[in-house]
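Not measured: the values here are computed from a predicted model. Chain naming here is simple, since letters A, B, ... match the order of the sequence lines and numbering starts at 1 in each. Reckoned from all heavy atoms, side chains included, excluding hydrogens, waters and symmetry mates.
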Number of protein chains: 2
Amino acid sequence: MKDNRSLLEDLALESVQRHGLKALSFRTLADEIGIKSSSVHYYFPEKSDLAEVLIARYRDELFSSLQAIELQSSSLKKKISAFITIFERVAKDDRLCLCGMLAAEVEHLSEHNKQLLASLFSDMEKWLTRTFELQRTSINSSLTSAQLARASLSGLEGALLVDRAMGNHRRLKAQKEFILSQLT
Amino acid sequence: MKDNRSLLEDLALESVQRHGLKALSFRTLADEIGIKSSSVHYYFPEKSDLAEVLIARYRDELFSSLQAIELQSSSLKKKISAFITIFERVAKDDRLCLCGMLAAEVEHLSEHNKQLLASLFSDMEKWLTRTFELQRTSINSSLTSAQLARASLSGLEGALLVDRAMGNHRRLKAQKEFILSQLT
DNA sequence: GTCTATATACAGATAGAC
DNA sequence: GTCTATCTGTATATAGAC
């Protein structure tokens, strides 16, 4: 049995990935677990406090996935495939990546949360850059590892975005083929 | 001197590309040209009516740009470069592509506007697919023209999205290099 | 076309009782 | 921790006068 704090975080994360932070309401959130909105404010005084927790949680779970990839996969192609699997799971769940959704709403974020978001993107890119660079010889492209990392991450974010509007997963599939076609 | 209808459309388009449709307020819009919100309802009875006009306008301007590209550019690389220029202009103006922003907010669109958005994406992909296919011999990739089109468009949308969160244009630049690296 | 006035709904947030 | 009650702000939308 989970405590209310965790339940609220779970529901909030799902809601933000589906409908956005601006559309998230403390009232609706409270209704979903049968408490009042004032009780939600007990856990998260302001909406920005909740957003901060969501970003931190997403970051933690993401980084443990990345560590698992480093341990389990050997070839570069396998590592990048496993990385893309993270996005495929998000797509299957009819969600956007939290980062992608917040990026669309960046003008509504607190300054602090804007920085957290930027550093999360930056760290994902760094992981990709390092992963590419460590097995650079497996790459067949004129681009630098950093450029490939930037294009790959933003490409996957865009694929999730457009696929949601189109009701299928064709762009994520195309993006995956595109990225993997650069690796041997 | 533009009429109020056009002024409202201009301001609304800019606002949606920057802050999203959900954040767009008839009151604020009215204030910006010195009329009352009830007068905005005279032109656009409901918010979804305004959104529909914005999508149609965006579509018209986009397609005339695409036609110009077909007439002016010869090589495939030049055509695709010119296509990417459209996104570079959007980025320089600190906006998102209207389609990308609405895709993030797709759960809040009316059924009709959801369809308009999907068909706009679809037509952009068709244009790209046709353009790639017509000069297929200039492409150095194992992907089909349709897959390249899907990956390119969603990649550019994602680049705009992530770049906004990061405060620079590095992902759009990387995406451009990535796409053009497949063309001879 | 534009206004005033208003109905209605919902948002974030807080005070204070239990 | 959770509640009731409330303040305050803002949103969409409409009726009816000018």
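- Distance B:Leu8 CG to C:dG1 P: 12 Å, rounded to the nearest Å.
- In this structure, B:Tyr42 atom OH and C:dT2 atom P are separated by 8 Å, rounded to whole Å.
- Candidate nucleotides C:dT2, C:dA13, C:dT4 were compared by shortest atom distance to the side chain of B:Asn4, and C:dT2 ranks first.
- Here the nucleotide nearest the side chain of B:Ile35, chosen from C:dA13, C:dC3, C:dG1, is C:dC3.
- Residue A:Ser38 is the one, among B:Leu21 and A:Ser38, whose nearest nucleotide of DNA chain D lies closer to the 5' end (criterion: closest heavy atom).
- In this structure, a donor-acceptor pair under 3.5 Å is present between the side chains of B:Asp3 and B:Ser6.
- Distance from the side chain of B:Lys36 is smallest to C:dC3 among D:dA11, C:dC3, C:dT2.
- Nucleic acid contact for A:Ile33: none, since no nucleic acid atom lies under 4.0 Å from a heavy atom of the residue.
- When distances run from any side-chain atom of A:Arg27 to the nucleotides D:dT12, D:dA5, C:dA13, the shortest one goes to C:dA13.
- Candidate nucleotides D:dT2, C:dT14, D:dT12 were compared by shortest atom distance to the side chain of A:Ser39, and D:dT2 ranks first.
- Tracing side-chain contacts under 4.5 Å through hydrophobic residues (I, L, V, M, F, W, Y), one never reaches B:Leu134 starting from B:Ile80; they form parts of separate clusters.
- For the pair A:His19 NE2 and C:dA11 P, the computed distance is 13 Å after rounding to whole Å.
- For A:His108 (side chain) and B:His19 (main-chain N/O), a donor-acceptor pair under 3.5 Å exists by modelled atom type.
- When heavy atoms are screened at a 4.0 angstrom cut-off, A:Phe26 is found touching the sugar-phosphate backbone but no base atom.
- Atom P of nucleotide D:dT12 and atom CG of B:Asp31 are separated by 12 Å, given to the nearest angstrom.
- If you check every strand for non-hydrogen atoms under 4.0 Å, A:Lys47 touches sugar and phosphate atoms only.
- Rounded to an integer number of Å, the gap from CG of A:Asp49 to P of C:dA13 is 8 Å.
- Using a 30° and 60° split on the angle between ring planes, B:Phe83 and B:Trp127 fall in the parallel class, below 30°.
- Counting heavy atoms from C-beta on, the side chains of A:Leu21 and A:Asn113 never come closer than 4.5 Å.
- Per the geometry, CG belonging to B:Leu29 stands 13 Å off P belonging to D:dA13, to the nearest Å.
- The distance from atom CZ of B:Phe44 to atom C1' of C:dG1 is 13 Å, rounded to the nearest whole Å.
- To the nearest angstrom, P of C:dG12 lies 13 Å from NE2 of A:His108.
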